[in-house]
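Notes follow the structure.
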Amino acid sequence: MKLQCEVEIVNRSLPTFGFRTRGRGTRAVLSIGKHHDRGSKTNPVTPHLLVCTSKDKAGCKYKLKENVEQLFTKFVEEGKTTIRLKEPALDICLSKADANNLKNFLSALRLAHRGSEIDTILLSNLAPAKTSEVEKPKTKMVITSRKDYPLTTNFPYSLEFLQVSYCKLARVDMRMLCLRKLRKLDLSNNHIRKLPASIGDLACLSELVLHNNYLETFSVALCNSTLQKSLQFLDLSHNRLRALPVQFCQLKELVHLKLDDNELIRLPFKIGQLDKLRFLSAARNKLPYLPCDFQRLCLENVDLFGNLFEQPNPLTPTVQLQIPMTLLEIAARATVNCRIGYGPHVLPAHLCQDLDSTKTCLCRRACLNSFIQVVINLNLHQVSHTVVLVDNMGSTEAPILCYFCSLTCYSEYLDKHQQRNR
């Protein structure tokens, strides 16, 4: 039985002579196995602990039977423990071990110490460690050439940063999706057309870079995955995206979002739900206007240069008022305005979809199918500290699509608009 971890061996007798006992841990592999003692006639085969490091692959052996004075297991869930031996007087301090593997290892260690139940575990002869076993786990890998791409070997499971660029990948390699410690995945400058839903299983992923690929969609499955709690940086620039799903706004941990050089004709209309978003760039797309919810953002930097923004005219509204309002409209408004919880366990799925698609009036009240729609100008400095010019004319204003829940709200807005223009 083997365990990979970091080890520090402390000699308990050194303080007597004034020596410092604590130092740095080193990468090691610990083994519990059979040791053949040719000098013993009564019990020539006994269980021993073998500690191998990169500097000493042959390792040091320590007797286990009736030789473990104490096990310190308070922090075993964090992959830490200390094995105190009687002879020699050593403390073997373990850290950075897999918690489950460590628990199994300690169970075997206890049996080896008692000796009576050692036959219940299979022990092999102790052998020196391989170089790969005592090497420090690789956490970063950068591949920028197709000839360097691994075809016959797996990616190291310890990777936290992986960049695979300029390799002409047509799809995401499923071997990458087994890297559970991955924090940053950079697949820029490839030929990827579709993202697998299993990317959402990378629970530690905080940065996803997909710059310069052939993506046409961003799946709803990814928006509903564990990325909701982990993803902070997302680069989808230089792709072929025309729209993002409404569920995209469930990625509420996003801080930095790059959508430049796509074919976007709209942004998600619930974009205001991204309350942690601070950096947004969607330059050189085909946006005719911004969604009403855009006003709720609180950004540090926004770049919307080079879009097909329309000239707004608040005096030419689209009127879709229903008089009298339908029961569905009344119920939907009341549910959203009163913040009544809902979900598929309470309401039919189509009603949940209706409630998810409600618009917000400038008076902050909700409307569903009965509203007045109008495009007005928004000074982007109202939502961002730094604004990249929208066009070559030096403008920092962009058209925004607004909704009014009633004729009264629209009339009040017109009065204020006319007063400003006098």
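- Judged by distance alone, the side chain of Gln228 and the main-chain N or O of Cys223 form a donor-acceptor pair under 3.5 Å.
- Leu71 is not listed as a side-chain neighbour of His113, based on a closest heavy-atom distance of 4.5 Å or more.
- A donor-acceptor contact closer than 3.5 angstrom is absent between the side chains of Asn189 and Ser165.
- For Ser158 (side chain) and Lys138 (main-chain N/O), a donor-acceptor pair under 3.5 Å exists by modelled atom type.
- Heavy atoms of other residues, nucleotides or ligands lying less than 6.0 angstrom from CZ of Arg242 number 12 at most.
- Without hydrogens or angle criteria, Asn377 side chain to Pro312 main chain gives no donor-acceptor distance under 3.5 Å.
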Inset, instruction - Apply side chain to side chain donor-acceptor pair (under 3.5 Å) to Asn285 and Asn262, showing your working. - result: CA-CA 5 Å; Asn285 279 280; Asn262 277 280; 4.6 Å; no
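- Of the options Asp235, Asp303, Asp260, a side-chain hydrogen bond (donor to acceptor under 3.5 Å, both in side chains) to Ser281 is made by Asp260 and by none of the others.
- Put simply, the side chain of Thr396 never gets that close to the backbone of Asn379: no donor and acceptor are under 3.5 Å apart.
- In this structure, Arg365 places its CZ atom where only 12 or fewer heavy-atom neighbours from other residues, nucleotides or ligands lie under 6.0 Å away.
- The structure places CG of Leu109 at 10.5 Å from CG of Leu3, a figure rounded to the nearest 0.5 Å.
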Inset, instruction - Please test Gln4 against Arg27 for side-chain contact (heavy atoms from CB on, under 4.5 Å), starting from the C-alpha separation and ending with a verdict. - result: CA-CA 8 Å; Gln4 289 180 316; Arg27 195 67 189 174; 3.8 Å; yes
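- Residues Leu401 and Gln373 come closest through the heavy atom pair CD1-CG, 3.4 Å.
- Ser95 and Cys5 get closest at one heavy-atom pair: O-CB, 3.3 Å.
- Within 6.0 Å of OH on Tyr157 lie no more than 12 heavy atoms contributed by other residues, nucleotides or ligands.
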Legend entry - Pair Gln163-Thr144, side-chain contact (heavy atoms from CB on, under 4.5 Å): steps then yes or no: CA-CA 8 Å; Gln163 178 182 351; Thr144 56; 4.2 Å; yes
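- Remark: the backbone N or O of Leu169 is not paired with any side-chain donor or acceptor of Arg146 at under 3.5 angstrom.
- With a 6.0 Å cutoff to the six-membered ring centre and a 45° limit on the axis angle, Arg240 counts as a cation-pi contact of Tyr214.
- Between the side chain of Asn213 and the main chain of Leu187, a donor-acceptor pair closer than 3.5 Å is present.
- Atom CG of Leu227 is separated from atom CG of Leu234 by 9.0 Å, given to the nearest 0.5 angstrom.
- Note that CZ of Phe105 is 5.0 Å distant from CG of Leu49, once rounded to the nearest 0.5 Å.
- Across all their heavy atoms, Leu202 and Met176 have their closest contact at CD2-O, 4.2 Å.
- Checking each of Thr360, Ile400, Ile271 against Gln295 for a side-chain contact (heavy atoms from CB on, under 4.5 Å) leaves exactly one that passes, namely Ile400.
- Using a cutoff of 4.0 Å between basic side-chain nitrogens and carboxylate oxygens, Arg284 and Asp261 are scored as salt-bridged.
- Between Phe155 and Tyr149, the ring planes are perpendicular. Angles over 60° get that label, and only those under 30° would be called parallel.
- Proximity of Asn190 to Cys167: side-chain heavy atoms (C-beta onward) are separated by under 4.5 Å at one or more points.
- Taking the ring axis of Phe161 as reference, the NZ or CZ atom of Lys140 stays within 45° of it and closer than 6.0 Å to the ring centre.
- Here the side chain of Glu329 pairs a donor or acceptor atom with the backbone of Leu368 at under 3.5 angstrom.
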Inset, instruction - Apply the test side-chain contact (heavy atoms from CB on, under 4.5 Å) to residues Phe279 and Lys258: give CA-CA distance (whole Å), side-chain angles for both, the deciding distance (0.1 Å), then the verdict. - result: CA-CA 8 Å; Phe279 302 90; Lys258 302 187 71 173; over 6 Å; no
Inset, instruction - Report the C-alpha distance between Leu328 and Leu351 in whole Å, list the side-chain angles of each, state the deciding distance to 0.1 Å, and finish with yes or no for side-chain contact (heavy atoms from CB on, under 4.5 Å). - result: CA-CA 9 Å; Leu328 174 62; Leu351 291 179; 3.9 Å; yes
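- Remark: Asp391 CG to Asn307 CG distance equals 10.5 Å, nearest 0.5 Å.
- What you find for Thr53 and Ala28 is that their closest heavy atoms are CG2-CB, 3.9 Å.
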Inset, instruction - Applying salt bridge (charged side-chain N to carboxylate O under 4.0 Å, His left out), run through Asp91 and Arg12 and close with a yes or a no. - result: CA-CA 7 Å; Asp91 285 351; Arg12 298 198 300 276; 2.9 Å; yes
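- Using modelled atom types, no side-chain atom of Thr335 and backbone atom of Ile340 make a donor-acceptor pair closer than 3.5 Å.
- Residues Lys276 and Glu253 meet the side-chain proximity criterion, which asks for heavy atoms closer than 4.5 Å.
- With Leu277 as reference, Leu299 is the one residue of Leu251, Leu299, Val255 to meet the side-chain contact (heavy atoms from CB on, under 4.5 Å) rule.
- Annotation: side chain of Ser198 is in contact with side chain of Met174 (closest heavy-atom distance under 4.5 Å).
- Looking only at distances, a side-chain donor or acceptor of Ser384 sits under 3.5 Å from a matching main-chain atom of Thr386.
- Proximity of Leu287 to Phe309: side-chain heavy atoms (C-beta onward) are separated by under 4.5 Å at one or more points.
- Note: Cys409 SG to Arg364 CZ = 12.5 Å, rounded to the nearest 0.5 Å.
- Under a cut-off of 6.0 angstrom, the local environment of NZ in Lys63 is sparse, with at most 12 non-hydrogen atoms contributed by other residues, nucleotides or ligands.
- The number of heavy atoms from other shown groups lying within 6.0 Å of OH (Tyr166) does not exceed 12.
- Taking each heavy atom of Arg278 and Asp275 in turn, the nearest pair found is NH1-O, 3.1 Å.
- A donor-acceptor distance shorter than 3.5 angstrom exists from the side chain of Asn239 to the backbone of Ser237, with no hydrogens or angles considered.
- Remark: Lys359 NZ is packed, more than 12 non-hydrogen atoms of other residues, nucleotides or ligands lying under 6.0 Å away.
- Heavy atoms of other residues, nucleotides or ligands lying less than 6.0 angstrom from OH of Tyr289 number 12 at most.
- Between the side chains of Asp356 and Tyr342, at least one donor-acceptor pair of N or O atoms lies under 3.5 Å.
- Remark: Leu308 CG is packed, more than 12 non-hydrogen atoms of other residues, nucleotides or ligands lying under 6.0 Å away.
- For the atom pair SG of Cys204 and CG of Leu182, the computed distance is 8.5 Å after rounding to the nearest 0.5 Å.
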Legend entry - salt bridge (charged side-chain N to carboxylate O under 4.0 Å, His left out) between Lys194 and Glu216, intermediate numbers included: CA-CA 7 Å; Lys194 188 177 180 181; Glu216 297 179 356; over 6 Å; no
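- When side chains are defined from C-beta on, Val246 does not count as touching Ser357, because their heavy atoms never get closer than 4.5 Å.
- Between His238 and Ser188, every side-chain heavy-atom pair lies at or beyond the 4.5 Å cut-off.
- Here the closest heavy-atom approach between residue Pro268 and residue Leu244 is recorded as CG-CB, 3.8 Å.
- The shortest distance between side-chain heavy atoms of Leu380 and Leu290 falls below 4.5 Å.
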